[in-house]
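Along the sequence shown, residues carry numbers from 1. Order of listing sets the numbers, starting from 1, for every ligand and every atom in it.
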Amino acid sequence: MRRIVLYIFLLSFLFSCQSTKKVLPSQKHLIADKAMVVSAHPRASDVGVKIMKRGGNAVDAMVATNFALAVVYPRAGNIGGGGFMVIRLPDGKAKALDFREMAPGKARKDLYLDEEGNVIPGLSTAGGLSIGVPGTVAGLHAAWKKYGRIKNWNILLQPAIKLAKKGFAISKSEARRLNKYQKDFIKYNPGNKVFIKDRWKEGDILKQPELAKTLEIIANRGPEGFYEGEVARAIVKKVKETGGIMELSDLLNYKSKFRLPIIVYYKDYKIISMPPPSSGGIALGQLLHITENYPIEEWGFHSYKTTHLMVEAEKRVYADRAKYLGDSDFYPVPVDKLLDRDYLKDKMADFNFESATPSDYIIPGGFELQKESFETTHISIIDKNGMAVSCTTTLNSNYGSKVIVDGYGFFLNNEMDDFSAKPGVPNQFGLIGSEANSIAPYKRMLSSMTPTIVEKNNAPFMVLGTPGGSTIITSVYQVILNAIDFDMNMYDAVQAKRFHHQFLPDVIMYEKDAFTPEVFNKLQQAGHQFKQVRALGYVKAILVRDDKLEGSGDERNPDDDVSGY
Ligand code: GLY
């Protein structure tokens, strides 16, 4: 019977899939009645929606969409990385799932230091030593096993397998990135025929037969197909060949973990987000608690007072992040203290409306922001029963460590760079850390990923998240304020210009036209420094309003897409 159901399902997929020969146009804004997926690629959103139309719930859709992204969005979608998921069940219970990568058992605190104790540049960002033990396959399987409705795991991987086998037409932005990283691909994967090519262009067909084979093994064997056997052996072989220290036992020991979500209240809203080893939930909660003490809805969107307050709050919150946050299984993160409203009032005691507080005054020290991409990817989903899932996954940089597992066709992460290699020395995002986030065997590196669900009147109100490295937290913060305090619809809340301050370096990163010239001048006069950047985050969000779902992808990412019914 099971076989017949699977067969019928596969046939219906076969007949319903759009041609893979052309680049699918992406849709940035959609109003729908029942269910919605917002992801970084139209083909992936399409897969999630089809799973829900065929009886799957939001978790089933999340699993299938993630596997599809591993094929169609290889710069960040993955099976060789990790991530976090926040789930709100239809009865209102909230769950948080940690499938973050962990340090291999042989990792040591001084892994990236030379004999003089200085950080060796590049070791934590590319090649074998930058690779953490992947968590994605374990995490997706754990989510499905506990909360999925589709009985057969295999079904959830079929769309991804088909896309990998048949190939699909790549977008302009994927072609641009594939070209940009060719030298790195060649360095770590000489002879690779899938990703290495003279010149990629929009519309070229990317076929990934080796990845299709790997996905088939995972479809048939579950996580054992990835963490044991031929795939695990191939991972360890390639990691070692490229200078790493991962062992088969590291893969065998990897476990995803359900954790208590961070829950904070902001005005009439309940915010559900990710606990450590992500800093996202705590930092977002701190920012919202501080903001609640000031009438920003009266001051207005990006007015001088609102911006100055938000920037000053961000400086203090990121200083706490650097000092106190890390994997709570290894370090006693003072969660309650950090979210305590009186503690946060004390933190803002030296805040004034006239002048910027120098970061050096908050904690002394300083450095320049490194130039790197802020790649990661996010999926927001709501199903017809009100189950909501917010999931952010990553390889860290574009295509992670640039290391591809030979014969199995997938990129491995460079997530080890999210550890603090040495107290006070910045990682690729310019973030510093301390003992709380130092390297230890089996420890999980601190993240900024902030998959979040907002409730109002005990019902889902918003599902959101974004890539963006250190800027993830402030992007999520701003989109929440845009919708709640500045009464924007979902599309406007996502597209509104953003800014970001992370304590060090002591600059406001901002998008073009984020401020009026008057506000900009006034902020400068108050002592703020500025650095313009192309984009801060690619937010994917869904708002529930008047019984309708309003989804928005981010115009900043050409591939972002909303799909629903
Ligand atoms: N790799 C980016 C993050 O986890 O925050």
Side-chain angles (χ1 to χ4, degrees), residues 40 66 69 73 75-78 80-86 96-103 124-126 130-136 139 256-257 259 262 273-284 314 317-318 321-322 325-328 333 369-379 390-402 411-421 426-433 436-437 439 443-452 464-477 500 502-503 509 535-540:
N66 260 305
L69 277 178
Y73 199 71
R75 62 191 188 252
N78 67 82
F84 298 107
M85 196 184 296
V86 172
L97 177 61
D98 159 10
F99 52 101
R100 182 68 159 165
E101 299 91 330
M102 68 173 192
S124 65
T125 49
S130 70
I131 300 167
V133 183
T136 296
S256 62
K257 297 182 183 186
R259 298 187 183 272
I262 296 291
S273 196
M274 201 63 215
S278 180
S279 60
I282 291 176
L284 176 65
E314 288 172 10
V317 165
Y318 274 79
R321 181 194 189 281
L325 293 189
D327 182 348
S328 51
V333 178
L369 186 66
Q370 316 275 304
K371 266 211 189 106
E372 242 295 341
S373 60
F374 287 179
E375 274 306 336
T376 285
T377 192
H378 179 82
I379 308 170
S390 186
C391 177
T392 315
T393 72
T394 187
L395 288 167
N396 201 12
S397 303
N398 273 302
Y399 310 100
S401 59
K402 322 297 190 269
F411 285 96
L412 290 164
N413 66 83
N414 61 339
E415 218 69 58
M416 290 296 284
D417 187 61
D418 275 348
F419 277 118
S420 170
N427 71 358
Q428 65 166 330
F429 301 116
L431 287 168
I432 58 164
N437 189 32
I439 305 169
K443 189 176 174 181
R444 296 175 190 215
M445 53 298 277
L446 185 63
S447 171
S448 298
M449 292 190 276
T450 315
T452 299
L464 78 164
T466 179
S470 54
T471 71
I472 290 174
I473 300 161
T474 52
S475 292
V476 169
Y477 167 52
H500 168 80
Q502 61 181 44
F503 158 61
M509 290 163 70
L536 291 167
Y538 300 153
V539 176
K540 292 153 227 336

Please tabulate, one line per pair, the protein N or O atoms found under 3.5 Å from any N or O atom of ligand 1, giving the distance to one decimal.
{"from": "ligand 1", "atom 1": "1 (N)", "to": "N396", "atom 2": "OD1", "distance (Å)": "2.7"}
{"from": "ligand 1", "atom 1": "1 (N)", "to": "E415", "atom 2": "OE2", "distance (Å)": "2.7"}
{"from": "ligand 1", "atom 1": "1 (N)", "to": "D418", "atom 2": "OD2", "distance (Å)": "2.7"}
{"from": "ligand 1", "atom 1": "4 (O)", "to": "R100", "atom 2": "NH1", "distance (Å)": "3.0"}
{"from": "ligand 1", "atom 1": "4 (O)", "to": "R100", "atom 2": "NH2", "distance (Å)": "3.2"}
{"from": "ligand 1", "atom 1": "4 (O)", "to": "D418", "atom 2": "OD2", "distance (Å)": "3.1"}
{"from": "ligand 1", "atom 1": "4 (O)", "to": "S447", "atom 2": "OG", "distance (Å)": "2.7"}
{"from": "ligand 1", "atom 1": "5 (O)", "to": "S447", "atom 2": "OG", "distance (Å)": "3.2"}
{"from": "ligand 1", "atom 1": "5 (O)", "to": "S448", "atom 2": "N", "distance (Å)": "2.7"}

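Ion pairing of R100 with D418 is present here, as a side-chain N (NZ or NE/NH1/NH2) and a carboxylate O approach within less than 4.0 Å.
Partners of F84 under the ring-ring contact (aromatic ring centres under 6.0 Å, His included) rule, at least two apart in sequence or in another chain, do not exist in this structure. Every side-chain contact (heavy atoms from CB on, under 4.5 Å) that L412 has, sequence neighbours left out, goes to I131, P134, I235, V239, S401, V403, V405, F410. With sequence neighbours excluded, the residues that form a salt bridge (Lys or Arg N to Asp or Glu O under 4.0 Å) with D98 are R259, R444.
No side-chain N or O of T125 forms a donor-acceptor pair with one of D417 less than 3.5 Å apart.
Residues S279 and L325 come closest through the heavy atom pair CB-CD1, 3.3 Å.
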